[in-house]
Amino acid sequence: MRLSKFSLCNRLSIASLISLFALDSDGTATLDLRHVNQWNVLALASVLEITIDDVHAGFGVERRSSSACDRLRWCPSCLELGFHAAWFQSLSVERCPLHRLRLRTGCRQCAAPVPYAIGHDLASHPLQCARCGIDWVPALSRPAGRCLLLDRRSARLLGRWGTYVRHLTADECHSPQPRDEGRFAAATAPLTPARPDPLMLVNRLFDAPPPLTVQLLTRRPPPRFDMPDLPVTERFVVGHDRNQWSHFGRRFAQCEQVLRDARLRLFGTAQHECEAGRWRPLLTTGLTASCASMDSSTAAALGWSIAWTSPVQALAPSPQSAVPALGLAAWLASLPLRPPHMPKQRWHAQVLQWLHEDLELSAWVWARIAAFMQAKGHYVLHGAMAHPRELAQLHCEEGDAGGIFTSNTMQPIDSKRIF
């Protein structure tokens, strides 16, 4: 929208626009507005008088091009004000949360497609339909016209949604690794029926987005926990089928045991209710439930279990098809690498302490998310609401700050008590 206004005010040709803002102006006819890799970020920030962070936020919603629409998706009421949010382009966003209107594509008069790109149409018909000539923002196109500013509450709400959408769509898609070939390959057909993604569910159900894990941790100091005495034994219950998952070794099984112990300790009777199989139908309802069907403590226990294991493991466990705790595996994969100077046993002891703390911290986060959703009438119990991976990444940030990898700042853990 800023580029359209800039083009309208300056009446620039497509060649002029590309020469100003493209990184490599090699005669390209169009430039995709979803991705920043073709653009001169410094030039955009300077000419449009915005910050570099705002420039990055204005391009698309994630790194995967398939999830961002290549045609303009717009809210009728927002467009009348001269406003468009880049995260409207996400295919998971169905409606404008400010006006509760379904997002539209194409010209409002002739339905001609509007490419989400800077090209000939934008340069020759700024803020107009190239086919029928209708003005998209009449208040701006008329003489002495100007956009109408959003009120403070609306701007704050849309800012929260922008942050939420970018957070949920920030992860890159990793290709699976077939166990029989030992190399990465393209994704195959899903093994379970497709469910609505969490962003789509949240956008459908809530007027304001739920709090993010990082936001909850910055609003108030997170609680601190004491690590319980772990049993001095090499024997523990393996939660997955070792014949099928032989590459998940003994130490992963020990982490699974810590996970199971924490689930019983943290949720008690609520967890027993989860394990009774009562909530298995959630697998067919997109992991959503009415707040009238369960209390917030049960919702927190379910969400926590889904996040740390998987929906099927949490809601319909089957010993015959037991697989490793997938959320736990993602948590472990997101931890920082072991420092070269640190013994393996001491590093594993540190990982177990982090796991204990993050399991309890995750329960604290899920309790607050469940309380937020209880007031809205629906629970969305998708693991992405508070993914364990986010907590593991905080340890990486601590490591980058130099706070955990030196011998005099490590937690005083007695590794003999663990092994």
Side-chain angles (χ1 to χ4, degrees), residues 1-5 33-34 50 54-62 64-117 122 126-129 134-141 145-170 196-212 215 286 288 372-373 375-378 380 382 384-385:
M1 182 59 73
R2 284 181 182 267
L3 277 175
S4 295
K5 296 172 187 175
L33 285 170
R34 296 173 295 172
I50 56 179
D54 288 338
V55 172
H56 281 277
F59 283 91
V61 292
E62 62 175 53
R64 287 176 291 166
S65 60
S66 61
S67 65
C69 187
D70 60 357
R71 292 180 295 168
L72 179 69
R73 304 178 81 239
W74 50 279
C75 164
S77 295
C78 284
L79 201 61
E80 289 180 4
L81 302 175
F83 174 80
H84 173 264
W87 50 270
F88 283 176
Q89 296 303 123
S90 170
L91 296 175
S92 298
V93 177
E94 295 182 335
R95 67 184 184 97
C96 170
L98 182 60
H99 301 106
R100 300 183 180 181
L101 296 175
R102 190 174 184 85
L103 297 180
R104 299 172 59 181
T105 60
C107 173
R108 61 180 179 179
Q109 178 165 291
C110 68
V114 182
Y116 196 67
L122 174 63
L127 293 175
Q128 286 183 335
C129 175
I134 188 175
D135 290 328
W136 293 333
V137 189
L140 180 63
S141 302
R146 60 189 300 269
C147 293
L148 301 178
L149 297 178
L150 295 175
D151 61 78
R152 185 171 299 179
R153 176 187 172 278
S154 299
R156 186 166 53 247
L157 176 61
L158 289 176
R160 288 177 58 189
W161 273 103
T163 300
Y164 193 81
V165 172
R166 286 191 294 273
H167 179 83
L168 259 64
T169 57
D197 65 72
L199 177 55
M200 185 178 295
L201 293 172
V202 169
N203 181 243
R204 288 176 182 174
L205 295 175
F206 303 139
D207 54 350
L212 296 170
Q215 293 172 336
T288 60
F372 170 90
M373 293 180 176
K376 305 297 182 180
H378 287 86
V380 178
H382 199 288
M385 299 293 101

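Residue pairs meeting the salt bridge (Lys or Arg N to Asp or Glu O under 4.0 Å) criterion with at least one partner in residues 70-86, sequence neighbours excluded, are absent.
At a threshold of 4.5 Å between non-hydrogen side-chain atoms, the residues Val202 and Met385 count as touching. Here the side chains of Cys110 and Cys129 are in contact, with some heavy-atom distance below 4.5 Å. With contacts defined as side-chain heavy-atom distances shorter than 4.5 Å, the pair Pro210/Tyr164 qualifies. Inter-residue side-chain proximity for Cys69 and Tyr116 is flagged as unmet; no heavy-atom pair is nearer than 4.5 Å. No side-chain heavy atom of Lys376 sits under 4.5 Å from any side-chain heavy atom of Leu205. A heavy-atom distance below 4.5 Å is not found between the side chains of His378 and Thr288. With a 4.5 Å cut-off on side-chain heavy atoms, Arg108 and Pro76 do not count as touching. Looking at heavy atoms from C-beta onward, Leu72 lies in side-chain contact with His84 at the 4.5 angstrom threshold.
Taking CG from Leu101 and OG from Ser77, the interatomic distance works out to 4.5 Å, rounded to the nearest 0.5 Å. Taken from SG in Cys96 to CZ in Arg104, the straight-line distance is 13.0 Å, to the nearest 0.5 Å. One distance of note links NE2 of His382 with CG of Leu168; it measures 9.0 Å at 0.5 Å rounding. For the atom pair Ile134 CD1 and Cys107 SG, the distance stands at 5.5 Å (nearest 0.5 Å). Once rounded to the nearest 0.5 Å, the distance linking CG of Leu103 with CG of Asn203 reads 7.5 Å. Leu91 contributes atom CG, which lies 11.0 Å from atom OG1 of Thr169 (distance to the nearest 0.5 angstrom).
Across all their heavy atoms, Leu199 and Ser92 have their closest contact at CD2-CB, 3.7 Å. Here the closest non-hydrogen pair linking Ala208 and Phe372 is O-CZ, 3.5 Å. What you find for Met200 and Asp197 is that their closest heavy atoms are N-OD1, 2.9 Å.
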Residues 153-163 side chain polar contacts: donor-acceptor under 3.5 Å, at least two apart:
unit_1	atom_1	unit_2	atom_2	d
Ser154	OG	Asp151	OD1	3.1
Ser154	OG	Asp151	OD2	2.9
Arg160	NH2	Pro209	O	3.2
Trp161	NE1	Asp207	O	3.0
Thr163	OG1	Gly159	O	3.1

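Looking only at distances, no side-chain donor or acceptor of Trp74 sits under 3.5 Å from a matching main-chain atom of Phe83.
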